[in-house]
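Below: one structure, written as structure tokens.
Excluded from the calculations below are hydrogen atoms, water molecules and symmetry mates; all remaining heavy atoms, backbone and side chain alike, are included. We're numbering straight along the sequence, starting at 1.
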Amino acid sequence: MSSMKVIKKRITSVNNTKKIMKAMNLVAASKLQKAKARLDDIRPMYSDIKKLMENIKAGVSEEMNVPFAEEREVNNILYIVLTGDRGLCGSFNATVSKEALAYVEALKDKNAKILAVGSKGWDYFRRRGKEIIYRCEGASEASSFADAEVLGNKVAEMYSSGEIDEVYIVYTHFESVLTHIPYIEKLLPLKAASGEDYDAGASIMSYDPDINTFIKHAVPMYLNITIFGAMMESAVCEQASRMTSMDSATRNATEILEDLTLEYNRKRQGMITQEITEIVSGANAQQ
């Protein structure tokens with residue numbers, strides 16, 4: 001009898017867990033729709049901004065001496081790593097953190113600085129003894145352009161002062177609900193467009209009052225929009241991963257409930273059969 005009580009308690013516990021997973025799945029699905037709508041709105045703009053800056057870089061000659069476009073000796077590299085603030089989203093946080101760590105380890109001769117957006121990334125690199133110069137929390141699900149602007153201005157200031165020599169952003173790119181790809185993208189110094197992305201007119205563009213002033217004002221905007229776009233990509237991927245994980249957990253809970261119910265019914269049937277056998281045996285013994 002005690003065994004049946006244990007099974008019944010497990011059935012109740014799993015059933016309650018299933019309800020929670022189902023609710024979280026619905027919440028994640030709702031957040032995913034909203035985040036995807038925001039991403040669709042921002043994607044064309046930040047893609048065009050990146051292309052514009054790459055074309056400007058392609059038209060810059062070495063004689064111009066443009067600070068944000070010139071190549072310099074690399075000693076300090078800044079990695080902006082975008083993760084989530086919460087778990088229960090499958091391998092989303094681990095995948096992008098491992099990708100960033102692999103890139104850091106591949107350049108061991110350079111001093112790596114981490115700008116962690118999301119508490120999961122901060123905790124991941126803190127436990128591995130990496131230098132974290134800035135920590136941003138609460139921006140993974142409720143990110144705004146103001147959050148990206150703070151980060152972009154900080155990065156531009158550090159690069160202008162010579163505190164860092166290269167800037168990379170590591171985030172998860174959204175392809176579909178089931179496909180999320182970790183990306184590592186170089187932000188500074190500006191890279192030149194090549195191939196079909198190159199606009200031949202960039203080399204004959206004129207700047208007012210001059211190219212240095214133009215880039216000085218354009219780069220912070222480029223950084224802000226690019227970081228904001230990456231934050232939107234990461235937020236969509238996080239909700240998609242959480243929705244998929246909760247859906248999988250709900251299905252697993254259903255399977256466990258079926259197995260437990262079957263086991264409970266077998267034990268109950270066994271007890272009923274045993275009681276009937278005992279009654280029949282007792283009746284036969286009295287005859």
Side-chain angles (χ1 to χ4, degrees), residues 1-37 81-99 101 116 118-128 137-143 172 174-182 234-287:
M1 191 67 179
S2 60
S3 179
M4 288 184 63
K5 286 183 178 179
V6 170
I7 296 174
K8 200 166 185 178
K9 285 183 179 180
R10 288 189 61 192
I11 290 175
T12 302
S13 176
V14 173
N15 197 36
N16 290 337
T17 303
K18 178 184 175 181
K19 292 178 181 178
I20 295 173
M21 297 299 103
K22 182 63 176 178
M24 293 182 67
N25 179 25
L26 295 174
V27 171
S30 176
K31 290 184 177 181
L32 173 61
Q33 291 181 349
K34 294 179 181 178
K36 182 66 167 56
V81 184
L82 275 62
T83 61
D85 292 306
R86 298 189 296 124
L88 296 177
C89 52
S91 61
F92 167 76
N93 292 311
T95 299
V96 67
S97 297
K98 288 179 180 178
E99 188 74 14
L101 182 63
S119 60
K120 292 297 181 181
W122 170 81
D123 186 59
Y124 183 90
F125 288 100
R126 176 187 61 83
R127 287 187 281 109
R128 285 159 180 79
E137 290 186 26
S140 62
E141 293 187 11
S143 55
T172 310
F174 180 79
E175 293 287 342
S176 67
V177 174
L178 298 177
T179 306
H180 321 130
I181 304 173
S234 182
V236 174
C237 291
E238 180 181 359
Q239 296 305 330
S241 296
R242 181 167 290 114
M243 185 186 72
T244 303
S245 297
M246 294 303 98
D247 183 59
S248 177
T250 302
R251 290 198 305 270
N252 292 339
T254 300
E255 293 176 2
I256 293 173
L257 281 174
E258 291 175 355
D259 293 339
L260 289 173
T261 302
L262 181 60
E263 183 180 358
Y264 179 83
N265 290 337
R266 283 175 177 172
K267 287 185 176 294
R268 183 170 175 271
Q269 185 63 43
M271 291 184 63
I272 293 172
T273 302
Q274 183 180 355
E275 289 178 358
I276 292 174
T277 302
E278 291 175 353
I279 292 172
V280 172
S281 297
N284 290 335
Q286 291 180 352
Q287 291 178 357

Table please: side-chain donor-acceptor pairs of residues 260-272 below 3.5 Å, with sequence neighbours left out.
from: Thr261; atom 1: OG1; to: Leu257; atom 2: O; distance (Å): 2.7
from: Asn265; atom 1: ND2; to: Thr261; atom 2: O; distance (Å): 3.3

Q) Can Leu101 and Tyr124 be said to form a side chain to side chain contact (heavy atoms under 4.5 Å, CB included), step by step? A) CA-CA 9 Å; Leu101 182 63; Tyr124 183 90; 3.4 Å; yes

Could you tell me which non-hydrogen atom of [X] sits nearest to which non-hydrogen atom of [Y], and how far apart they are?
X: Ser97; Y: Phe125; result: O-CZ, 3.8 Å
X: Gly121; Y: Thr83; result: N-OG1, 2.7 Å
X: Ser245; Y: Leu88; result: CB-O, 4.3 Å
X: Cys89; Y: Glu238; result: CB-O, 4.0 Å
X: Gly87; Y: Asn93; result: CA-ND2, 4.5 Å

Which value, rounded to the nearest 0.5 Å, describes the distance between [X] atom [atom1] and [Y] atom [atom2]?
X: Thr179; Y: Ile181; atom1: OG1; atom2: CD1; value: 7.0 Å
X: Met243; Y: Ser248; atom1: CE; atom2: OG; value: 12.0 Å
X: Lys34; Y: Gln239; atom1: NZ; atom2: CD; value: 10.5 Å

Q: Take Arg86 and Arg242, measure what side chain to side chain contact (heavy atoms under 4.5 Å, CB included) needs, and give me the verdict at the end.
A: CA-CA 10 Å; Arg86 298 189 296 124; Arg242 181 167 290 114; 3.6 Å; yes

Q: Taking side-chain contact (heavy atoms from CB on, under 4.5 Å) as the test, write out the residues that go with Thr95, two or more places apart.
A: Ser91, Pro182

State which residues pass salt bridge (charged side-chain N to carboxylate O under 4.0 Å, His left out) with [X]; sequence neighbours excluded, sorted by chain then number.
X: Lys18; value: none
X: Arg10; value: none
X: Asp259; value: none

Main-chain N/O of [Y] paired with [X] side-chain donor or acceptor, under 3.5 Å:
X: Ser13; Y: Lys9; answer: no
X: Asn25; Y: Met246; answer: no
X: Asn16; Y: Thr12; answer: yes

Q: Any pair with a residue in residues 243-255 that passes salt bridge (Lys or Arg N to Asp or Glu O under 4.0 Å), sequence neighbours left out, goes on the list, sorted by first then second residue, please.
A: Asp247-Arg251

Q.
Contact between Leu82 and Val96 at the side-chain level, heavy atoms closer than 4.5 Å - yes or no?
A. no

Q: Go through Leu178 and Thr244 one step at a time and tell me if the side chain to side chain contact (heavy atoms under 4.5 Å, CB included) criterion holds.
A: CA-CA 8 Å; Leu178 298 177; Thr244 303; 4.0 Å; yes

**Q.** Derivation and outcome, side chain to side chain contact (heavy atoms under 4.5 Å, CB included), residues Phe174 and Lys36
**A.** CA-CA 9 Å; Phe174 180 79; Lys36 182 66 167 56; 3.2 Å; yes

Q.
salt bridge (charged side-chain N to carboxylate O under 4.0 Å, His left out), that's the test. Do Asp123 and Lys120 meet it? Break it down for me.
A. CA-CA 5 Å; Asp123 186 59; Lys120 292 297 181 181; over 6 Å; no

